[in-house]
Amino acid sequence: QVQPVESGGGLVQAGGSLRLSCVASGHTFSVHVMGWFRQAPGKEREFVAAIGWIGGSEDYADSVKGRFTISRDNAKNTVILQMNSLKPEDTAVYYCAAAAGWRVRNSPDDYDYWGQGTQVTVSS
């Protein structure tokens, strides 16, 4: 079992950067796909990025490609979402999630464990 805990959210101006961290308890972190999702008020939860067991297997939503980067450090049970060139439409609660198995996936239904979320607000 893996329990993710997010941190690093906050308020930033458009064009700025934020770095979200997710530390996941559990000794099986390294064999879980890790993903970031977000949910804005009145909208459904949407996929942002995901990363496989080791670097090189990543997926991004079209809306964040070229601006966001996901990475992980299995020795520290940590996954990072570096967000650059932020836009007001990136405002949402960001969730870290873990999925058992090796296949990188982008549906919230495929993820087994979720953090509580961290608020990201981008002002114009």
Contacts of Lys43 that satisfy salt bridge (Lys or Arg N to Asp or Glu O under 4.0 Å) - sequence neighbours left out: none
Any side-chain heavy atom of Tyr94 within less than 4.5 Å of one from Met83? yes
What are the two closest non-hydrogen atoms of Ala98 and His32, and how far apart are they? CB-CD2, 4.1 Å
Same cluster for Tyr60 and Ile51 if Ile/Leu/Val/Met/Phe/Trp/Tyr side chains link at under 4.5 Å? yes
Inter- and intrachain pairs under side chain to side chain donor-acceptor pair (under 3.5 Å), touching residues 100-115, at least two apart: none
Between Arg45 and Ala40, is there a donor-acceptor pair closer than 3.5 Å when you use the side chain of the first and the backbone of the second? no
Using the test side chain to side chain donor-acceptor pair (under 3.5 Å), find all partners of Gln82 that sit at least two apart in sequence or belong to another chain. Asn84
Under the salt bridge (charged side-chain N to carboxylate O under 4.0 Å, His left out) rule, what pairs show up with a residue in residues 6-21, not counting sequence neighbours? none
Run the side chain to side chain contact (heavy atoms under 4.5 Å, CB included) check on Ser71 and Val79 step by step: do they pass? CA-CA 6 Å; Ser71 60; Val79 60; over 6 Å; no
Donor-acceptor list for residues 117-124 side chains, cut-off 3.5 Å, not counting sequence neighbours:
residue : atom : partner : partner atom : Å
Thr118  : OG1  : Gly9    : N            : 3.2
Gln119  : NE2  : Ala92   : O            : 3.4
Gln119  : NE2  : Thr121  : OG1          : 3.3

Backbone of Lys76 reached by a side-chain donor or acceptor of Thr78 within 3.5 Å: yes
Taking the six-membered ring for Trp and the single ring otherwise, decide whether the centroids of Tyr95 and Phe37 are under 6.0 Å apart. no
Less than 4.5 Å apart, side chain to side chain, heavy atoms only: is that true for Pro108 and Gln39? no
What heavy-atom pair brings Ser21 and Ile80 nearest, and what distance separates the two atoms? OG-CD1, 3.2 Å
Hey, does Leu86 have a side-chain heavy atom less than 4.5 Å from the side chain of Phe68? yes
From Arg38 atom CZ to Glu44 atom CD, the distance as rounded to the nearest 0.5 Å: 14.0 Å
What one should report as the nearest heavy-atom pair of Ala49 and Leu81 is CB-CD1, 4.2 Å
What heavy-atom pair brings Pro4 and Ala97 nearest, and what distance separates the two atoms? CG-CA, 4.5 Å
Once you round to the nearest 0.5 Å, how far does CD of Gln116 lie from SG of Cys96? 12.0 Å
State, yes or no, whether a side-chain contact exists between Cys22 and Met34 at a heavy-atom distance under 4.5 Å. yes
Test of understanding: with salt bridge (Lys or Arg N to Asp or Glu O under 4.0 Å), list the residues that count as partners of Arg67, not counting sequence neighbours. Asp90
Qualifying residue for side-chain contact (heavy atoms from CB on, under 4.5 Å) with Val64, from Thr69, Ile70, Val48: Val48
Say whether, by atom type as modelled, one donor and one acceptor occur between the side chain of Asn77 and the main chain of Ala24 under 3.5 angstrom. yes
Nearest-0.5 Å distance that lies between atom CZ in Phe47 and atom CG in Asp62: 10.0 Å
